2 protein chains.
Amino acid sequence: MSLRRADKIRETLEQMIVTGELTNGERLDEMALSERFGCSRTPLREAFHNLAASGLLELVPHRGAFVRHPGLTEMVEMFEVMAELEAFCGRLAARRISPQDLAALHETVIACESAVAANDHDQYYIENERFHHLLYSASGNGFLSEQARHLHRRLKPFRRLQLRVRGRLGQSLAEHRVILAALENGRPDEAARALRSHVAVQGGKFNDLMASYKISHLNAGA
Amino acid sequence: MSLRRADKIRETLEQMIVTGELTNGERLDEMALSERFGCSRTPLREAFHNLAASGLLELVPHRGAFVRHPGLTEMVEMFEVMAELEAFCGRLAARRISPQDLAALHETVIACESAVAANDHDQYYIENERFHHLLYSASGNGFLSEQARHLHRRLKPFRRLQLRVRGRLGQSLAEHRVILAALENGRPDEAARALRSHVAVQGGKFNDLMASYKISHLNAGA
DNA sequence: TCAACTAGTTTTGTATACAATATTTGGATT
DNA sequence: AATCCAAATATTGTATACAAAACTAGTTGA
């Protein structure tokens, strides 16, 4: 289904959740929200189901819908899985990638270079996303690609905050270059290793993540 | 939400889809089904959304809900991802597993031995599932565990048919023993490798899978 | 004074009625 | 005769009305 109205509401609510406007554990009042959105409860309930499927809400029978912010633990867990999924994408892509996709990856790296030169975080963020999406497709496994996209999307707000850390852009770009080289040379293990460490939360990145987590939860109060 | 009624319908429809009672591409008529289930369209639509989230239905706006059987290609892709997820579970579990979980795994292997001795496929199926679920939990990564469970569940019908292949039970049991040994000895790489080949579709297993796929699609006509 | 039960209120789950969009069929025009 | 357009039909999406379940609060009993 997914009608126009319900979809719009879904996106809006998703934004409100990930930006922290809706705090963790908060119950979403169907009537209040329907009044706010100027619609009935029906599309809201649809949106609730979608969000629950994405893990952003918890639906308790006869109790209501509760905002479910990932705890710090769960976030680290998600990054752990993301790292492994991307590593697997890289392993497969190193063997299966097409010349077209390789060329497209090259382009994103060049675009990333421009973004770093201009210190344009937003632009880098966009090109970074293109890089990873291309990698997923290049795995040649449609199901894997879709799963990776899903998780990538779910980790979106945190990654965005992470990229704001000083110097992270340059480091990220350098890692992209290593990954691309591994793919060009058809080295599955190398690509997997590079991607795992590119995505994984370890060392200083853990502190950055914790900081961004706190920020996202400070916003929650506002 | 997920009320009693909608949940029941969801499960029923899921069964009808995976058993092939509902053929691929078939459109589900809300009114016809609501009459059949003796309810209104509302809980049906809820069930549709749940099933779509699981990938068993495709919801096209203003067109309806269509049954989405995984093609052979997609099935192989899903097994490919499943193998990697389980391998990762094993890698983590080899380092993190608790003595309690190890003991529980031991029990399932013993139960599997009984099932093989009695040539009881259903019993083996149950214990096999326990073994894998325990492994997921033992990874110590709750998110990973949940993802693995989801995919495992989705591959359920095909795995069940696979296990019916002659001699597969004994081989599976032997592989369980190898995996368990790797976990006991704290060998992450070994556990990962053993699990990958345990789950992966390769060699003769590919033919078995193709056969079970055909069977599941022959049923579809009936 | 505390606890347990019951009545009231609130809120979710379901049914039905209504509106909007897509498909289909019939006719008209080229 | 074929194609394109339009009206009719059917089906999805939304709103509202109704039923059931859970929480709350008040009262009664020990």
Side-chain angles (χ1 to χ4, degrees), chain A residues 1-18 21-69 150 153 220, chain B residues 1-18 21-69 150 153 220:
Chain A
M1 276 68 178
S2 262
L3 185 83
R4 195 167 62 260
R5 187 76 68 111
D7 264 355
K8 188 116 187 164
I9 291 171
R10 182 198 172 285
E11 288 201 19
T12 306
L13 284 177
E14 183 175 338
Q15 275 302 318
M16 289 168 70
I17 293 173
V18 299
E21 187 175 344
L22 297 173
T23 66
N24 188 32
E26 186 174 349
R27 190 177 73 82
L28 296 185
D29 190 312
E30 290 182 358
M31 294 204 301
L33 283 173
S34 68
E35 192 160 332
R36 166 164 180 181
F37 286 113
C39 69
S40 81
R41 283 169 51 212
T42 311
L44 265 175
R45 291 171 63 81
E46 253 187 50
F48 282 4
H49 278 274
N50 283 328
L51 292 168
S54 301
L56 279 78
L57 286 184
E58 186 178 8
L59 268 44
V60 183
H62 293 107
R63 295 281 311 270
F66 297 87
V67 177
R68 219 181 83 81
H69 281 191
H150 259 100
R153 177 178 169 78
Chain B
M1 277 56 175
S2 263
L3 186 80
R4 194 168 61 260
R5 188 76 68 111
D7 264 354
K8 188 116 187 166
I9 291 171
R10 182 196 171 285
E11 289 201 18
T12 305
L13 283 178
E14 183 174 338
Q15 277 301 319
M16 289 169 70
I17 292 172
V18 299
E21 187 175 345
L22 297 173
T23 67
N24 188 33
E26 187 175 348
R27 190 178 73 85
L28 296 185
D29 190 313
E30 290 182 358
M31 293 205 302
L33 283 173
S34 67
E35 190 161 332
R36 167 167 179 179
F37 286 114
C39 70
S40 81
R41 284 170 50 212
T42 312
L44 265 176
R45 291 171 63 81
E46 255 185 49
F48 283 3
H49 278 275
N50 282 329
L51 291 168
S54 300
L56 279 80
L57 286 184
E58 186 179 6
L59 269 45
V60 183
H62 292 104
R63 293 280 312 269
F66 297 86
V67 177
R68 219 181 82 82
H69 281 191
H150 258 99
R153 176 180 170 75

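Please read all numbers here as calculations on a predicted model, not as lab measurements.
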Restricting to nitrogen or oxygen on both sides, can you table the protein-nucleotides 15-17 of chain C pairs closer than 3.5 Å?
from   : atom 1 : to    : atom 2 : distance (Å)
C:dA15 : OP2    : B:S40 : N      : 2.7
C:dA15 : OP2    : B:S40 : OG     : 2.9
C:dA15 : N7     : B:T42 : OG1    : 2.9

| query | B:D29 has an atom CG; how far is it from atom C1' of C:dA22, in whole Å? | reply | 15 Å
| message | From CG of B:L44 over to P of C:dT14, roughly how many Å is that when rounded to an integer? | response | 11 Å
| task | Round to a whole Å and report the spacing from CD of B:E46 to P of C:dT14. | result | 6 Å
| message | Without decimals, in angstroms, what is the distance between A:D7 CG and D:dT12 C1'? | response | 14 Å
| remark: Rounded to whole Å, the CZ-C1' distance (B:R63 to D:dA10) equals 13 Å
| query | B:R27 side chain N/O closer than 4.0 Å to the phosphate oxygens (OP1, OP2) of D:dT12? | reply | yes
| Side chains of B:R10 and B:S54: does their closest heavy-atom pair fall under 4.5 Å? | yes
| query | Could B:E30 and B:R41 be called an ion pair, given the rule that one side-chain N must be under 4.0 Å from one carboxylate O? | reply | yes
| message | Measuring only between side-chain heavy atoms, which start at C-beta, is B:T42 closer than 4.5 Å to A:T42? | response | no
| message | Rounding to an integer number of Å, can you tell me how far B:H62 NE2 sits from D:dT9 C1'? | response | 16 Å
| query | With a 4.5 Å heavy-atom cut-off, do A:V67 and A:L56 have their side chains touching? | reply | no
| query | What is the distance from CE of A:M31 to C1' of C:dT9, rounded to the nearest Å? | reply | 11 Å
| side chain to side chain contact (heavy atoms under 4.5 Å, CB included) between B:R45 and A:E46: does it pass, once the steps are laid out? | CA-CA 9 Å; B:R45 291 171 63 81; A:E46 253 187 50; 3.3 Å; yes
| field | Spacing of B:F66 atom CZ relative to D:dT11 atom P, expressed in whole Å | value | 12 Å
| task | Using salt bridge (Lys or Arg N to Asp or Glu O under 4.0 Å) as the criterion, list what pairs up with A:R153, not counting sequence neighbours. | result | A:E14
